[in-house]
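Reckoned from all heavy atoms, side chains included, excluding hydrogens, waters and symmetry mates.
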Amino acid sequence: MEQHFGRHIDELEAIVSFLDRVSTEFGLDSGAKFVLNMAVEELYTNMVKYNGEGADDILIGVECDQSSLVIHLVDFDSKPFDYSEREEVDIHASLHDRKPGGLGIHLVKRFMDEVNYQYKDRKTSIKLVKFLKTNA
Amino acid sequence: MSNFSVGFRSSGHVQILDLKGELDAHTASELEAAIQKCQVNRQVHIVINGSSLMYISSAGLGVFMAYIEEIRENGGDIKIAALQPKVYNVFDLLGFPMLFDIVDSEVDAIGKFEPSNA
């Protein structure tokens, strides 16, 4: 399932509705749904925040089978920004020593099992994979 | 992520904020407004009751980070109580238990403001 969304934070409401439909369609449990919402929100808001002037919509796609949840986010008109190489957040730092930003990417890396980033001809493609627990 | 509300209650000198729903980049401004309202009313002893908070993203956590230093400088604090396990996990992954008092119940959180526990 996939859908295009505009480049504005107000689109989150429509994105949530889309992710609700995705979760129902794939029968995701509450844990997988939480991870899906988290990963999509964090990366989409980063795309909007750091590339608000991009011309095109952002594509969000989700695939799911018994073993894995796969999320795609594609920004067709973007600057390079490799999420996977962003500096790690020091979660042991005191309040005073904390640097702003980076919390969302940190969460995505912790919640997802794979984060793949590609950039070519102004097109950013991010593929996230979460391996699902099975009862087998 | 599309529905979120903040309820206001008080217990003595403690202002309790009941968070309900999903706290994300779209709704974080509502929590921000609630904390600002507390500051305007000089209520700096704040308990966040998270028993009905079902989702939080980094934008929601960022609100706590944005206001905590100022509130502490004014002699207050934000205590966080009764988080759902999935929501607590987000706080934990970002090291927030080191920065905030996060306790199991609202009663425990209010107790943290008693002079002997402050």
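Nearest heavy atoms, A:E13 versus B:H26: OE1-CE1, 3.3 Å. Smallest separation of non-hydrogen atoms from B:V90 and A:F111: CG2-CZ, 4.0 Å. Taking all atoms of both residues into account, the shortest heavy-atom contact from B:L94 to A:H106 is CD2-CD2, 3.4 Å. Here the closest non-hydrogen pair linking B:S57 and A:E42 is CB-OE2, 3.2 Å. Between A:I91 and B:L93, the shortest heavy-atom distance links the atoms CG2-O, 3.5 Å. Of all heavy-atom pairs spanning B:L99 and A:A93, the tightest one is CD2-O, 3.7 Å.
Each of B:I102 and B:V107 belongs to its own hydrophobic cluster when Ile, Leu, Val, Met, Phe, Trp and Tyr are linked at side-chain heavy-atom distances under 4.5 angstrom. There is a path of hydrophobic side-chain contacts, each under 4.5 Å, that joins A:V70 to A:F131. By the rule that hydrophobic residues join a cluster once side-chain heavy atoms approach within less than 4.5 Å of another member, B:I80 and A:L95 end up as members of one cluster. If you chain together hydrophobic residues whose side chains sit under 4.5 Å apart, A:V129 and A:V62 never meet in one group. Residue B:L17 is not grouped with residue B:V103 when hydrophobic side chains (ILVMFWY) are merged at heavy-atom distances under 4.5 angstrom, including chains of intermediate members.
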side-chain contact (heavy atoms from CB on, under 4.5 Å) between B:Y55 and A:E41: does it pass, once the steps are laid out?
CA-CA 11 Å; B:Y55 173 89; A:E41 184 202 330; 2.8 Å; yes
Given the rule in the side-chain contact (heavy atoms from CB on, under 4.5 Å) test, do A:M38 and B:I56 qualify, once you have shown the distances and angles that lead to the verdict?
CA-CA 8 Å; A:M38 167 75 65; B:I56 190 167; 5.7 Å; no
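A 6.0 Å sphere centred on CD of A:Q118 holds no more than 12 heavy atoms belonging to other residues, nucleotides or ligands. Within a 6.0 Å sphere centred on NZ of B:K20, other residues, nucleotides and ligands contribute 12 heavy atoms or fewer. Around atom CG of B:D104, no more than 12 heavy atoms belonging to other residues, nucleotides or ligands sit under 6.0 Å away.
Most heavy-atom pairs under 4.5 Å with chain A, from the set B:M98, B:E69, B:K86: that is B:K86. Interface summary for chain B: among A:S30, A:G101, A:A14, the most heavy-atom pairs under 4.5 angstrom belong to A:S30.
For B:M54, the part lying near chain A is the backbone, with the side chain staying farther off; criterion is any non-hydrogen pair under 4.5 Å.
Rounded to the nearest 0.5 Å, atoms CG (A:L107) and CG (B:L61) are 7.0 Å apart.
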